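Scroll down for the structure; my scribbles are underneath it.
Keep in mind that what you see is a predicted model, and the values were worked out from it rather than measured.
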Amino acid sequence: MSTAPDGVVILGAGCTPFGRHTDRSASDLAQQAVTEALADARVSRDEIGAVFYATVSQKALDGQHMIPGQVSLRPLGLSHAPLVNVENACAGGASALWLAVAHVRAGLSEAALAVGVDKLVCADAARGLAVFDGALDVHRREETLAGLRALSGAEAPAGGSDRSVFMDVYASLARAHMRRFGTTREQLAAVAAKNHAHSVHNPYAQFRKPLTVEEILSAREVAWPLTVPMCSPVSDGAAAVVVMRAETARSRAGYARAVRVLASALVSGGDRTADQVEQHIGRRAALAAYEQAGIAPGDVDVAEVHDATAFGEIQQIENLGFCAIGDGGPWSLSGAGALGGTLPVNPSGGLESRGHPVSATGLAQIFELVTQLRGEAGARQVAAARIAAAENGGGLYGIEEAVASVTILGGIR
């Protein structure tokens, strides 16, 4: 039985291009995304009843720890609305959306705004990469990393040194998957090649150059088995969405372009063992979302998943039930997740190619899926897309993400 959020729609969405915005502040990027989302929704600022604002970099890099959202959005005339600052690692944007949906669903406001922004590119690259260190238990860092390495049964060959700690995390998880299920580097490269091909058609993407499997395999190693094109870059960007009660939205001129929120699930990591793959946080988030929406994995037409690395996509398509656990590599190599395939995944180019400004990522996924369900994605459009799924994860605690979100969206028509 469906327990979908009653009558909640996304009426508008906005997103900046992702990339290196060295001449712009995080506040400037957030203001652009919000202004575009409000214009897309045809909603005035005064109609917004609450704002949920996600960021990491404004705190870690700018020192704006306490009131980043207020500082960024007061100039837009949003001071009438209560604003809650949100931090939930790479799932900050999805968490802001979850809060906005819950707020409107509870009847506290007719409309709410979810915003995600991060500006991680800085002159001192090591300082930007160090931001990611806080997304795992800082008091048990070495113990955590050693435990992940042990899952693969072998130490990794040496890779590059200029990387986020999460590239080592994903490399360990990838090696464990390879050992257990026979996943190959060619399958990882196929995921990356697909996403880089998709981003060619995305004007918001950080990288828009296609790469072959061979080019990806021969690229500079980051942490074995991962090469640079298999990994998400450091990025700047912002995204925002306007959530509104469906009954209120029906009288609006833009309602024909609204997108229904069929499910919004947010779950915390658990203390499962490595063998308990069915208890993975991503799997639990997916099952919760499917139950809310009253659908099955086979009903999904298009998906955006958290491919911080190519392995991340393989893991999450398994958790979402698009294929059996352990079959994500062969499924990806078959082309099933490409545009024109059985179930296109990451038509935006994903984190690997669209970019990954942490707190903006979850809402950029929603921006892409709203665009798809409206039939406005141009050359990257998934034909006849009616149901879409977004999976966004964040942080690491133990052997899995600390938080995961799965959102299910449906077209109005």
Side-chain angles (χ1 to χ4, degrees), residues 12-41 43-97 99-100 111-125 127-132 134-135 203-204 206 233-243 354-367 392 394:
C15 190
T16 70
F18 285 4
R20 300 174 64 87
H21 296 295
T22 56
D23 59 341
R24 302 183 66 185
S25 68
S27 291
D28 184 34
L29 294 168
Q31 289 168 17
Q32 178 185 339
V34 168
T35 299
E36 292 181 1
L38 292 171
D40 185 52
V43 166
S44 71
R45 291 164 174 78
D46 291 342
E47 293 178 271
I48 298 298
V51 180
F52 301 93
Y53 185 96
T55 188
V56 171
S57 63
Q58 283 180 268
K59 303 174 184 182
L61 296 178
D62 296 346
Q64 190 65 67
H65 293 283
M66 306 291 186
I67 53 169
Q70 289 87 343
V71 168
S72 293
L73 300 187
R74 175 76 65 85
L76 291 184
L78 285 163
S79 60
H80 67 281
L83 187 150
V84 178
N85 289 293
V86 179
E87 185 175 340
N88 224 1
C90 298
S95 300
L97 177 63
L99 288 165
L113 179 67
V115 187
V117 61
D118 269 314
K119 183 174 168 56
L120 292 162
V121 176
C122 52
D124 183 352
R127 186 165 175 256
L129 291 173
V131 171
F132 294 91
Y204 298 91
Q206 184 164 350
V234 174
S235 312
D236 303 333
V241 302
V242 175
V243 175
R354 182 195 61 234
H356 182 32
V358 182
S359 301
T361 288
L363 291 172
Q365 293 177 326
I366 300 302
F367 176 84
N392 184 208

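Across every non-hydrogen atom of Ala100 and Ala114, the tightest pair is CB-CB, 4.2 Å. In terms of heavy atoms, Gly128 sits closest to Cys122 at N-SG, 3.6 Å. Across Gly49 and Pro82, no two heavy atoms sit closer than the pair O-CD, 3.2 Å. Scanning all heavy atoms of the two residues, the minimum distance from Gly92 to Ala54 falls at O-CB, 3.3 Å. Residues Phe18 and Ala360 approach most closely at CZ-CB, 4.0 Å, considering heavy atoms. Nearest heavy-atom pair across Asn85 and Met66 is ND2-O, 3.5 Å.
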### Task
Could you check Val56 against Phe132 for side-chain contact (heavy atoms from CB on, under 4.5 Å), going step by step and ending with a plain yes or no?
CA-CA 9 Å; Val56 171; Phe132 294 91; over 6 Å; no
### Message
Under the criterion side-chain contact (heavy atoms from CB on, under 4.5 Å), I'd like the reasoning laid out for Thr55 against Val115: C-alpha separation, chi angles, the key distance, then a yes or no.
### Response
CA-CA 9 Å; Thr55 188; Val115 187; over 6 Å; no
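Applying the salt bridge (charged side-chain N to carboxylate O under 4.0 Å, His left out) test to Glu36 and every residue at least two apart in sequence or in another chain returns nothing. Under the side chain to side chain donor-acceptor pair (under 3.5 Å) criterion, Ser72 pairs with Ser27, Tyr53, Gln58, not counting sequence neighbours. Under the side chain to side chain donor-acceptor pair (under 3.5 Å) criterion, Arg24 pairs with Asp28, Gln32, not counting sequence neighbours. Under the side-chain contact (heavy atoms from CB on, under 4.5 Å) criterion, Asp46 pairs with Ser44, His80, sequence neighbours left out. Taking Asp40 as the reference, Arg257, Arg374 meet the side chain to side chain donor-acceptor pair (under 3.5 Å) condition, with sequence neighbours excluded. For Thr22, the side-chain contact (heavy atoms from CB on, under 4.5 Å) partners at least two apart in sequence or on another chain are Val121. Listed by chain and residue number, His103 satisfy the ring pair (Phe, Tyr, Trp, His ring centres under 6.0 Å) test with Phe52 (two or more places apart in sequence, or in another chain). Listed by chain and number, the residues in a side-chain contact (heavy atoms from CB on, under 4.5 Å) with Ala41 are Leu11, Val43, Val242 (sequence neighbours excluded). Residues passing the side-chain contact (heavy atoms from CB on, under 4.5 Å) test with Ala94 are Asn392, Ser405, sequence neighbours excluded.
Screening residues 73-84 for salt bridge (Lys or Arg N to Asp or Glu O under 4.0 Å) gives no qualifying pairs among residues at least two apart or on separate chains. Identified under the salt bridge (Lys or Arg N to Asp or Glu O under 4.0 Å) test for residues 85-94, with sequence neighbours left out: Lys59-Glu87.
Here the CD1-CG distance, from Ile48 to Leu76, works out to 11.5 Å after rounding to the nearest 0.5 Å. To the nearest 0.5 angstrom, Gln365 atom CD is 10.5 Å from Leu97 atom CG.
Of the candidates Lys119, Arg20, His21, Asp236 forms a side-chain hydrogen bond (donor to acceptor under 3.5 Å, both in side chains) with just one, namely Lys119.
A donor-acceptor pair under 3.5 Å links the side-chain atoms of Asp118 to the main chain of Ser359, judged by distance alone. Using a distance-only test at 3.5 Å, with no hydrogens or angles considered, a donor-acceptor pair links the side chain of Arg127 to the main chain of Leu61.
At a threshold of 4.5 Å between non-hydrogen side-chain atoms, the residues Val131 and Leu120 count as touching. No side-chain heavy atom of Leu83 sits under 4.5 Å from any side-chain heavy atom of Leu78. In this structure, the side chains of Val34 and Leu113 come closer than 4.5 Å at one or more pairs of heavy atoms.
Side-chain N/O atoms of His356 and Ser235 include no donor and acceptor closer than 3.5 Å.
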